[in-house]
Amino acid sequence: MQIPGPNDPIVTPRRPAPARADGKRPLLGLAKPALREALIEAGIPEKQAKMRSQQVWNWIYQRGVTEIAQMANISKDTRALLDAQFVVGRPEVVQAQVSTDGTRKWLLRFDDGEEAECVFIPDAYRGTLCVSSQVGCTLNCRFCHTGTMKLVRNLTPAEIVGQVMLARDALGEWPSATGPALPALPEADDAPDDEEAPYIPGAHNPGANYTTQGRMLTNIVMMGMGEPLYNFDNVRDALQIVMDGEGLGLSRRRITLSTSGVVPMMARAGEEIGVNLAVSLHATRKEIRDEIVPLNKKYGIEELLAACAAYPGASNARRITFEYVMLKDKNDHDEHAHELVRLIRKYKLPAKVNLIPFNPWPGSIYETSTDQQVSRFSNIIFEAGISAPVRRPRGRDIMAACGQLKSASEKITRAELDRRAAEKEAAWVD
Ligand code: SAH
Ligand code: SF4
């Protein structure tokens, strides 16, 4: 079976979307027209369907109700009709952890028992939710824990939107059933981006609209488990719901999609989703990128940067983020930084670089670059006029940092890791 993406087939042990044991369908994740259709199929008279679907939508996305029974302005009989066939739909929380730095991680279990993780990262200016797009990942970046997972399935729109809903439940940021709706967030995210201000638990953190206006979750990054561009349709449909002004209302400027470089899907991502783009570059030379991001053997660096240059919507006001994981003595030499600057200039990219110190995990084969080398690397890029902040690892104590996400802790040997990598690469179709 193939993952969606007409130009880029990749074979994967993807499983079908889960069905609930009770046969009910989740309402979560249905776009407005699909929601209306679903209500008609369930027996709501056609002339009422528009109004009913609007009511249901508002209860779900503006009030955060988790039960159909809570939809107070819908008659009892209609609620019973809906209740017999639908659930609102929330992933089950198997584990919730809070780091000493305020980062929270949830391990979620879906209807078929598969699990994925979702992480909330508060800083002084914004609250960012890191959302997963797949269970596992069909790619196999050598430094990434998720890439070692064997099982892979795409998350459904309900499961992707469900992560946002769940985070808002846990952060307590729904208004009451009768109180005023939450004030809309400003569309643009004007908080300073290049400096990092620590989140101070318990204090008023001024930049974000924390607590006083009840909005802690201000930004979303598709940087959890999985490669979002190998689950294109579901990610697009889910993000469209997240961006809808009559619901969760997070603008496309507050959402960032990170890809390891699925070149054929990048233009569509810009056109059909329109969110900010982050690209996991991690190396500037073929032999190094081939090793650490094996997808590079299929879509090389130059091809990837050309696709970035053509990304719809990229501009100096909306720069493309290049993520660069700092691996000691692998990709962290001064010359690599100079090469990165040369490439960004060659393709005239409106770019910023995020330097991510490598986050180790049990069994990982790389080491984190020294702090001194990370600053040298950052300075070289910065002196060329390109911003290159170093991302402090967040939630390391609860294994919530970048690339550490992996639900089942499974002990695997190096040989098994290599075997899985080879198997996944062999599945690529050219
Ligand atoms: N699959 C997508 C998005 C998920 S990974 C992608 O690869 O872009 C989100 C980011 O975390 C990517 O830049 C990824 O390369 C980085 N990452 C993965 N493992 C890491 C690790 N162990 N330490 C630091 N960053 C890591
Ligand atoms: Fe997949 Fe991204 Fe991890 Fe690579 S870094 S294995 S693409 S999740």
Side-chain angles (χ1 to χ4, degrees), residues 14-31 34-35 38 56-57 59-61 63-70 83 86-98 103-121 127-137 146 149 151-174 216-217 220-228 231 233-242 247-248 250 255 395 398-400 404-409:
R14 180 166 64 119
R15 308 240 210 98
R20 287 173 57 93
D22 60 9
K24 293 185 184 182
R25 284 176 66 189
L27 292 169
L28 209 61
L30 294 178
L35 178 59
V56 168
W57 178 277
W59 282 111
I60 295 179
Y61 297 111
R63 302 282 154 178
V65 303
T66 52
E67 306 287 339
I68 290 166
Q70 294 168 290
D83 208 24
F86 300 107
V87 287
V88 173
R90 283 283 194 282
E92 181 195 343
V93 181
V94 187
Q95 213 182 55
Q97 288 172 281
V98 185
T103 301
R104 297 175 187 223
K105 181 171 89 167
W106 297 282
L107 172 60
L108 308 176
R109 187 173 296 154
F110 303 109
D111 291 334
D112 61 352
E114 290 300 345
E115 294 173 349
E117 292 180 338
C118 172
V119 177
F120 177 72
I121 310 149
T128 304
L129 188 70
C130 181
V131 171
S132 292
S133 56
Q134 298 182 309
V135 175
C137 185
T146 306
M149 282 178 73
L151 275 178
V152 178
R153 104 166 149 71
N154 282 337
L155 294 182
T156 62
E159 292 165 338
I160 298 170
V161 178
Q163 296 172 57
V164 182
M165 305 296 280
L166 201 274
R168 292 192 65 173
D169 295 347
L171 295 167
E173 66 173 17
W174 296 110
M216 283 188 76
L217 199 173
I220 288 180
V221 290
M222 296 303 299
M223 294 187 188
M225 295 165 71
E227 167 50 58
N231 185 16
D233 291 355
N234 291 352
V235 166
R236 176 199 54 208
D237 293 354
L239 290 181
Q240 268 157 5
I241 291 174
V242 171
L248 299 170
L250 281 159
I255 301 177
I398 54 168
M399 286 283 286
Q404 289 184 324
L405 301 188
K406 184 177 183 219
S407 51
S409 52

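Just so it is clear, the model here is predicted, and its values are computed rather than measured.
Listed by chain and residue number, nothing satisfies the ring pair (Phe, Tyr, Trp, His ring centres under 6.0 Å) test with Trp59 (two or more places apart in sequence, or in another chain). A search for salt bridge (charged side-chain N to carboxylate O under 4.0 Å, His left out) contacts involving Arg25 returns Glu41, not counting sequence neighbours. For Asp169, the salt bridge (charged side-chain N to carboxylate O under 4.0 Å, His left out) partners two or more places apart in sequence, or in a different chain, are Arg90.
With hydrogens and angles disregarded, no donor-acceptor distance shorter than 3.5 Å links the side chain of Ser132 to the backbone of Gly224. A donor-acceptor pair under 3.5 Å is absent between the side-chain atoms of Asp111 and the main chain of Arg20, judged by distance alone. Side-chain N or O atoms of Arg109 include none that pairs as donor or acceptor with a backbone N or O of Glu92 at under 3.5 Å. With Asn231 contributing its side chain and Ser133 its backbone, the two residues share a donor-acceptor pair below 3.5 Å. Remark: the backbone N or O of Leu107 is not paired with any side-chain donor or acceptor of Gln95 at under 3.5 angstrom. Not a single donor-acceptor pair under 3.5 Å links the side chain of Lys105 to the backbone N or O of Gly395.
Side-chain contact between Met165 and Val88 is absent, with no heavy atoms from C-beta onward closer than 4.5 Å. Tyr61 has its side chain within reach of Leu28: a pair of non-hydrogen atoms, C-beta onward, lies under 4.5 Å apart. Two residues are said to be in side-chain contact when any heavy atoms from C-beta on lie closer than 4.5 Å; Val119 and Met223 fail this criterion.
Taken to the nearest 0.5 Å, the CG atom of Asp233 stands 13.0 Å off from the OG1 atom of Thr156. Taking CG from Leu250 and CG from Leu239, the interatomic distance works out to 10.0 Å, rounded to the nearest 0.5 Å. Distance CD/Gln163 to CZ/Phe120: 14.5 Å, rounded to 0.5 Å. The distance from atom CE of Met216 to atom OG1 of Thr128, rounded to the nearest 0.5 Å, is 11.0 Å. One finds the CG atom of Asp83 at 5.0 Å from the CD1 atom of Ile68 (value rounded to the nearest 0.5 Å).
Smallest separation of non-hydrogen atoms from Trp106 and Ala96: CD1-CB, 3.6 Å. Pairing each heavy atom of Val161 with each of Leu248, the nearest pair is CG1-CD1, 4.4 Å. Between Val235 and Pro228 the shortest heavy-atom distance is CG2-O, 3.7 Å.
For the pairing with Arg153, the salt bridge (charged side-chain N to carboxylate O under 4.0 Å, His left out) check across Glu115, Glu159, Glu114 returns one residue only, Glu159.
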* Stepwise side chain to side chain contact (heavy atoms under 4.5 Å, CB included) check, Gln134 with Thr146 -> CA-CA 10 Å; Gln134 298 182 309; Thr146 306; over 6 Å; no
* To do: Show your working on side chain to side chain contact (heavy atoms under 4.5 Å, CB included) between Leu35 and Leu27 and close with a plain yes or no.
  => CA-CA 7 Å; Leu35 178 59; Leu27 292 169; 3.7 Å; yes
* To do: Walk me through it: do Ile241 and Trp57 pass the test side chain to side chain contact (heavy atoms under 4.5 Å, CB included)?
  => CA-CA 10 Å; Ile241 291 174; Trp57 178 277; 4.1 Å; yes
* From CA spacing to verdict: side chain to side chain contact (heavy atoms under 4.5 Å, CB included), Arg63, Gln70 -> CA-CA 10 Å; Arg63 302 282 154 178; Gln70 294 168 290; over 6 Å; no
